[in-house]
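Throughout, a chain's letter reflects where its sequence line sits, starting with A, and its residues are numbered from 1.
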Amino acid sequence: MSLQLQAQPLTAEFYSQPATTVARKLLGARLVRVLPDGTRLSGRIVETEAYSGIDDLASHGRHRRTPRNAPMWGAPGRAYVYLSRGLYWMLNVVAEPQDQPAAVLIRALDPLEGIDVMQRHRPDRKLAELTSGPARLALALSVTGALNTADMTQGAELWIEPDQTIPDSQVRTGPRIGLGKTPEPWLSMPWRWWVGGNPYVSARSGKRG
DNA sequence: CCGAGGATTATCT
DNA sequence: GATAATCCTCGGA
């Protein structure tokens, strides 16, 4: 007899919603990573970005389907992990129904479980810099291209489960980060969501509010 | 504290 | 050949 219901991974049905809806609802949820040796690492999601549709000129799905971006057209709830700048892995969750290119980038975590192991993955980093950015959290949780297309609805090595609910009064939105020369209106589209005042929101995002 | 520039490589034009 | 959904270090104030 458990006194409390065990949290279950978010389902494909959840991820089938519009990427913007998924991005908002993921705030406060818990990203869980189980390492090959069984170590469990987790953190609360405090910053996300939505990339949706072939119209979105900031999205990898803006052009044709290619070997790299193909996961964005795939089943909702799978991981889309790609290498940025030849150096850093970015973790996304595929959103919206099959054949619609969309994903949500996980940009920052408030660390919960396995903080000592995360710090071992990022030697000599301050706690505040452990998971405050998409590449940082990928390093802390040992997320690499090996997890590309992994099914995040199964509770195996990587998934997201409900945890806290963040009220609208604490949610902030703004333009996405690092879009370079993406034209308007996509450059300024307020498709980034974060938890106001949370210290782990990525630095370049601006933590105002 | 802040801004500039380098690292490093898969991927696409 | 150019670019990229970033991070880190360094130099200057």
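Considering OG1 of A/Thr153 and CH2 of A/Trp159, their distance stands at 12.0 Å, rounded to 0.5 Å. Here the CD1-OH distance, from A/Ile160 to A/Tyr15, works out to 3.5 Å after rounding to the nearest 0.5 Å.
Here the nucleotide nearest the side chain of A/Leu179, chosen from C/dT6, B/dT11, C/dA5, is C/dA5. Of the candidates B/dT11, C/dA4, C/dC8, C/dC8 carries the atom nearest the A/Arg136 side chain, counting heavy atoms from C-beta on.
Regarding A/Arg68, its CZ atom lies at a distance of 13 Å from the C1' atom of B/dT13, rounded to whole Å. Rounding to whole angstrom units, CZ of residue A/Arg65 and C1' of B/dT11 are separated by 17 Å. Atom pair A/Leu105:CG and C/dT6:P shows a separation of 8 Å (rounding to whole Å applied). Atom pair A/Met189:CE and C/dA5:P shows a separation of 17 Å (rounding to whole Å applied). The NE2-C1' distance, from A/His121 to C/dC7, rounds to 18 Å in whole Å.
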Counting only pairs under 3.5 Å, give me each side-chain donor-acceptor contact of residues 87-96 of chain A, with atom names and distances, residues two or more places apart or in other chains.
from    : atom 1 : to      : atom 2 : distance (Å)
A/Asn92 : ND2    : A/Tyr80 : O      : 3.1
A/Glu96 : OE2    : A/Ala19 : N      : 2.9
A/Glu96 : OE2    : A/Ser52 : OG     : 2.8

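For the OP1/OP2 pair of C/dC8 and a distance below 4.0 Å, the side-chain nitrogens and oxygens of A/Arg125 include at least one atom meeting the criterion. Of the side-chain N and O atoms in A/His63, none sit less than 4.0 angstrom from OP1 or OP2 of B/dC12.
Across all strands, A/Arg62 comes closer than 4.0 Å to no nucleic acid atom at all (heavy-atom distances). As judged by a 4.0 angstrom heavy-atom cut-off over every strand, A/Arg64 is placed among residues making no nucleic acid contact. When heavy atoms are screened at a 4.0 angstrom cut-off, A/Ala135 is found touching the sugar-phosphate backbone but no base atom.
Stretches of at least 3 consecutive Watson-Crick or G-U wobble pairs, with each checked distance under 3.5 Å, appear in DNA chain B as B:1-7 with C:6-12, B:9-12 with C:1-4.
Using a 4.5 Å heavy-atom cutoff, the side chains of A/Ile45 and A/Leu109 are in contact. Side-chain contact between A/Leu35 and A/His121: present, with at least one pair of heavy atoms (C-beta onward) separated by less than 4.5 Å. Annotation: side chain of A/Val32 is not in contact with side chain of A/Leu158 (no heavy-atom distance under 4.5 Å). In this structure, the side chains of A/Ser59 and A/Met72 come closer than 4.5 Å at one or more pairs of heavy atoms. In this structure, A/Arg65 and A/Asp99 have side chains that are in contact, with non-hydrogen atoms separated by less than 4.5 Å. Counting heavy atoms from C-beta on, the side chains of A/Leu27 and A/Val171 come closer than 4.5 Å.
Here A/Glu13 pairs with A/Thr11 under the side chain to side chain contact (heavy atoms under 4.5 Å, CB included) rule; sequence neighbours left out. Under the side chain to side chain contact (heavy atoms under 4.5 Å, CB included) criterion, A/Glu157 pairs with A/Arg33, A/Leu147, A/Ala150, not counting sequence neighbours.
Only A/Arg85, A/Gly86, A/Leu87, listed by number, bring a heavy atom of residues 85-95 of chain A to less than 4.0 angstrom from any atom of DNA chain B. Non-hydrogen atoms lying under 4.0 Å from DNA chain B are contributed by nothing in residues 16-25 of chain A.
In terms of position along DNA chain C, the nucleotide closest to A/Met72 lies nearer the 5' end than the nucleotide closest to the other residue of the pair A/Glu129 and A/Met72.
Using atom P as the reference point in both C/dA5 and B/dG3, the two lie 22 Å apart (nearest Å).
In this structure, A/His60 has its ring center no closer than 6.0 Å to that of A/Tyr51.
Under 3.5 Å, the side chain of A/Tyr82 and the base of C/dA5 form at least one donor-acceptor pair of N or O atoms.
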